[in-house]
Amino acid sequence: MKAVIFAAGKSTRTYPLTLTRPKPLLPVMGRPILAWQLDAMPREVDTVVLVVGYKHEMIRAHFGASYGRLKLEYVEQTEQLGTGHAVLVCEGAIDGPFLAMNGDDLYAPEDLAAVAAARQAALVKEVADPRLYAIYDVTDDLRVKRLVEKPTEIFSHLSNIGAYKFTPEIFEVLRRTPLSPRGEIEITAAIQTLADEGDFRVVPAKGAWIPIGYPWHLLDANEYLLKHHLKPEILGEVQPGAHLTGPVYVGKGSKIRPGAVIDGPVYIGEDCEVGPNCFLRPGTTLGNHCKVGQASEIKNSILMDHAKAPHQNYIGDSVLGEGANLGCGTVTANFRHDGKTHFTLVKGQKIDTGRRKLGAIIGDDVHTGILTSIYPGRKLWPHTSTRPNAIVDRDIEGDA
């Protein structure tokens, strides 16, 4: 069986992190989102068709023609005209029933196996606020009656979560599916046709589903993976005077120097330098070639490859892009005095992140001046910088 993964979008909602890479290559617990998805493929799947577009050469270069036991094929979607269109461009690569799924969500392997066992079905999950999703109205035996995008009337809490099993008849249905008001071919509209004309069902997800729609969702995914999938191992050097508790992974070539305190779960990649006299708190992931130095404290954050917090830095609930370097005394604020959730600007709109703790989202190769203070939820575009004693109370944008 083949599986199709939608990995073509530009993903402007995850700026500034996706200005320099496609979203499937964003790292969580040291590996790209797409790698975690490929690991979750059921045994029935032997080939994965990657629908690529934005910065597709980076995905091809990273993954090549295979991943473990899986053969990888690439189909380029030169125009992103909806999820239905992403399926349709794969028609020439599909010769039988297949799985299809979003390229920016993490699914439990057992749930993908369950939907793969169905004839035609969609994976669904109970959600608290159905108004944010497409939701299903189903019969007692889970046959789909209707599917409504972002409903004004709440008739169900069964959300569409972007993983499906189709037969090749989906292609003919997609060709006659009217364009949405956005000018796209929506997969949900095609599912409604399949339900009206035949038998289309839902499969309730029993495991975790972690959608990654905004940058801070990487922290949710990272926290979950550290809690449930971290395999503690020390492959690097832990020098006398360092103190490690809880589950901790230390990659090859990494050095944990005296005075470093690490409270797991924590993941440290290869060739990192941690310490002396620093504090890595639970939920922290360091990529490869990272540095956390004297008197720096990292909490529930992701540092991508070559990121550095070398001197007296506090990084809480934040994401640092590749090659970011923080000047001495740079601090990310992550908590409002009133305890309310943080808002941030996304494409000019004020978005409630739903998080009471949120620091900064810092792009690749950002350099901060000494004693920079960054307000919660602020974003710094790749290759930007701050002056000494800067107060970052709004996003710092560069060229997109």
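Here the structure is a predicted model, which is why all the values come from computation and not from measurement.
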J.: Can Glu237 and Lys252 be counted as an ion pair, charged N to O under 4.0 angstrom?
T.: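 Looking at Lys252 together with Glu237, the answer is no, because their closest N to O distance does not fall below 4.0 Å.
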J.: Would you call Glu197 and Arg176 a salt bridge, using N to O less than 4.0 angstrom?
T.: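 Salt bridge between Glu197 and Arg176, a charged N being under 4.0 Å from a carboxylate O: yes.
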J.: Answer yes or no: is there an ion pair linking Asp39 with Arg31, defined by an N-O contact shorter than 4.0 Å?
T.: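 Counted as a salt bridge, because a side-chain N and a carboxylate O are separated by less than 4.0 Å.
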J.: Inspect the contact between Arg143 and Asp199 and indicate whether a charged nitrogen and a carboxylate oxygen are less than 4.0 angstrom apart.
T.: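 So Asp199 pairs with Arg143 through a salt bridge.
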J.: Any luck finding a side-chain donor-acceptor pair between Ser301 and Thr284 under 3.5 Å?
T.: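 No, no side-chain donor-acceptor pair sits under 3.5 Å.
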J.: Among side-chain atoms of His85 and Gln77, is any donor-acceptor pair under 3.5 angstrom?
T.: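 A donor-acceptor contact under 3.5 Å links the two side chains.
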J.: With no hydrogens and no angle check, is any side-chain donor or acceptor of Tyr107 less than 3.5 Å from a backbone partner on Ile161?
T.: yes
J.: Look at Lys379 together with Glu397 and state whether they make a salt bridge at an N to O cut-off of under 4.0 Å.
T.: no
J.: Strictly distance-based, threshold 3.5 Å: is any side-chain N or O of Lys255 a donor or acceptor partner for the main-chain N or O of Glu273?
T.: no
J.: Side chains of residues 45-62: which donor-acceptor partners sit under 3.5 Å, not counting sequence neighbours?
T.:
from	atom 1	to	atom 2	distance (Å)
Tyr54	OH	Thr18	O	2.6
Tyr54	OH	Leu19	O	3.4
His56	ND1	Arg60	NE	3.2

J.: Does Arg146 come within less than 4.0 Å of Asp196, counting only side-chain N to carboxylate O?
T.: no
J.: Verify the distance criterion only: is there a donor paired with an acceptor across the side chains of Asp141 and Thr139 at less than 3.5 Å?
T.: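 Yes.
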J.: For the pair Tyr214 and Trp216, name the ring-plane relationship: parallel under 30°, tilted 30 to 60°, perpendicular over 60°.
T.: parallel
J.: Answer yes if the ring centres of Tyr164 and Phe6 are under 6.0 angstrom apart, and no otherwise.
T.: no
J.: Taking NZ, NE, NH1 and NH2 as the nitrogens, is one of them in Arg378 or Asp395 under 4.0 Å from a carboxylate oxygen of the other?
T.: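 No, Arg378 and Asp395 are not salt-bridged.
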J.: Check this for me: does any side-chain nitrogen of one of Lys231 and Glu233 sit under 4.0 Å from a carboxylate oxygen of the other?
T.: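 Salt bridge: no.
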J.: CD1/Ile94 to CG/Leu88 distance, rounded to the nearest 0.5 angstrom?
T.: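 Between Ile94 CD1 and Leu88 CG, I get 11.5 Å after rounding to 0.5 Å.
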J.: May I ask you to decide if the ring planes of Phe98 and Phe166 are parallel, tilted or perpendicular, using 30° and 60° as cut-offs?
T.: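 Phe98 and Phe166: tilted rings.
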